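Shown next, in structure tokens, is the structure this report addresses.
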Amino acid sequence: MVCRVLKGLLVDFAGVLTDPDAGRFYDYLAAARERGVRTALLSNAPGASAEVKNTMFDYFDALVFSGEVGVAKPDPAVYLIAAERLGVPAVRCAFVDDSAANIRGAVQAGMVGVHHRTVEETLTELGVLFPDG
């Protein structure tokens with residue numbers, strides 16, 4: 001078995017960060033960044049206002065909106081763009097989304113896919129993929 005150390009975490013917005021329990025997820029993102037994990041928001045939205053972007057930079061090193069880069073999930077190219085913006089190879093990244101099709105696209109790009117169902121389950125899985133220390 002090949003062990004690869006993950007250094008990048010990409011997260012979808014709708015369905016993940018809009019979860020009723022998303023506050024815990026935002027706390028996890030802040031703590032992960034403090035430990036050196038690079039984080040990116042990857043959304044199929046056309047973009048976001050400057051105010052929203054400034055708020056998101058508290059949690060993310062990069063913001064990637066499909067409407068701004070011209071390619072959308074599940075096209076593997078959009079995951080590669082996000083990884084490049086993080087400065088982390090795709091094979092060292094995990095992607096969290098509530099859509100199985102979007103996860104398949106990330107896996108095709110070389111990432112580890114995490115299917116979000118509940119914040120508790122996702123945080124447990126991320127705890128295995130990104131151990132403390």
Side-chain angles (χ1 to χ4, degrees):
M1 180 175 129
V2 175
C3 179
R4 54 182 164 160
V5 177
L6 298 180
K7 296 290 183 185
L9 176 58
L10 290 72
V11 180
D12 174 50
F13 183 75
V16 177
L17 296 177
T18 58
D19 189 292
D21 201 16
R24 292 180 58 216
F25 202 96
Y26 281 103
D27 292 343
Y28 175 85
L29 289 167
R33 285 183 79 197
E34 288 177 10
R35 293 192 330 264
V37 175
R38 305 276 295 157
T39 60
L41 175 70
L42 177 54
S43 172
N44 274 352
S49 69
E51 182 180 346
V52 168
K53 287 181 179 181
N54 286 337
T55 301
M56 286 297 168
F57 276 123
D58 290 343
Y59 302 97
F60 298 103
D61 298 295
L63 304 176
V64 180
F65 295 97
S66 295
E68 295 177 356
V69 298
V71 63
K73 299 178 285 180
D75 187 322
V78 77
Y79 305 96
L80 297 175
I81 290 168
E84 182 179 322
R85 290 195 179 174
L86 285 180
V88 178
V91 297
R92 305 267 313 267
C93 293
F95 173 68
V96 178
D97 200 311
D98 61 323
S99 162
N102 290 344
I103 292 167
R104 283 191 295 275
V107 170
Q108 288 174 346
M111 297 182 178
V112 173
V114 176
H115 193 174
H116 176 79
R117 291 179 185 85
T118 69
V119 170
E120 185 68 34
E121 288 178 21
T122 299
L123 293 179
T124 298
E125 191 163 348
L126 291 176
V128 172
L129 294 172
F130 295 92
D132 293 346

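As the structure is a computational prediction, the values presented were derived from the model and not from experiment.
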Requested in this report: Kindly say whether L86 contributes a backbone atom to a donor-acceptor pair with the side chain of R38 at under 3.5 angstrom?
Outcome: yes
Query raised in the report: Which heavy-atom pair separates A109 from P76 by the least distance, and what is that distance?
Result: CB-O, 3.7 Å
**Report entry** Candidate pair R35 and R33, rule side-chain contact (heavy atoms from CB on, under 4.5 Å), full reasoning
**Finding:** CA-CA 5 Å; R35 293 192 330 264; R33 285 183 79 197; over 6 Å; no
Requested in this report: Say whether D19 and H116, considering side chains only, have a donor N or O and an acceptor N or O under 3.5 Å apart.
Outcome: yes
Query raised in the report: How long is the gap from CD on E34 to CG on L29, to the nearest 0.5 Å?
Result: 11.5 Å
Query raised in the report: CD of E68: more than 12 outside heavy atoms within 6.0 angstrom?
Result: yes
Query raised in the report: How far apart are the closest heavy atoms of L80 and A90, and which atoms are they?
Result: CD2-CB, 3.6 Å
**Report entry** Contact check, side chains of T122 and Y28, non-hydrogen atoms, under 4.5 Å
**Finding:** no
Query raised in the report: Are the side chain of N44 and the backbone N or O of K73 linked by a donor-acceptor pair below 3.5 Å?
Result: yes
Query - Side-chain donor/acceptor of R92 to backbone N/O of G8, under 3.5 Å - result: no
Report task. Run the numbers on L126 and F25 for side-chain contact (heavy atoms from CB on, under 4.5 Å), then give the verdict. Result -> CA-CA 10 Å; L126 291 176; F25 202 96; 4.0 Å; yes
Query raised in the report: Do K7 and F130 touch side chain to side chain, with heavy atoms closer than 4.5 Å?
Result: no
Report task. List the steps, then state whether side-chain contact (heavy atoms from CB on, under 4.5 Å) holds for V64 with R85. Result -> CA-CA 9 Å; V64 180; R85 290 195 179 174; 4.0 Å; yes
Query raised in the report: Below 4.5 Å, heavy atoms only, C-beta onward: do E120 and T124 meet side chain to side chain?
Result: yes
Requested in this report: Examine distances only and state if a side-chain atom of R24 and a backbone atom of L123 form a donor-acceptor pair shorter than 3.5 Å.
Outcome: no
Query raised in the report: Counting only N and O atoms by type, is there a donor-acceptor contact under 3.5 Å from the side chain of S66 to the main-chain atoms of P46?
Result: no
Query raised in the report: Which atom names give the shortest non-hydrogen contact between A48 and V52, and what distance separates them?
Result: CB-CG1, 3.9 Å
Query raised in the report: Does L129 reach the side chain of V112, with side-chain heavy atoms less than 4.5 Å apart?
Result: yes
**Report entry** Interatomic spacing from CZ in F57 to CG in L63 - rounded to 0.5 Å
**Finding:** 4.0 Å
Query raised in the report: Is there side-chain contact between D12 and L17, with heavy atoms separated by less than 4.5 Å?
Result: no
Query raised in the report: For A94 and L6, which heavy atoms make the closest approach, and how far apart are they?
Result: CB-CD1, 4.1 Å
Query raised in the report: Would you say H115's side chain and D98's backbone share a donor-acceptor pair under 3.5 angstrom?
Result: yes
Requested in this report: Go through the steps to decide whether Y59 and V11 satisfy the test side-chain contact (heavy atoms from CB on, under 4.5 Å), and finish with yes or no.
Outcome: CA-CA 11 Å; Y59 302 97; V11 180; over 6 Å; no
Report task. List the atom of A83, the atom of C93, and the distance in Å for their closest heavy-atom pair. Result -> CB-SG, 4.1 Å
Query raised in the report: Of N102, L42, V114, which meets side-chain contact (heavy atoms from CB on, under 4.5 Å) against D97?
Result: N102
**Report entry** Closest contact, heavy atoms only, G105 versus Y79
**Finding:** C-CE1, 3.4 Å
Report summary line: The residue among L10, L9, T39, T55 that forms side-chain contact (heavy atoms from CB on, under 4.5 Å) with F60 is T39
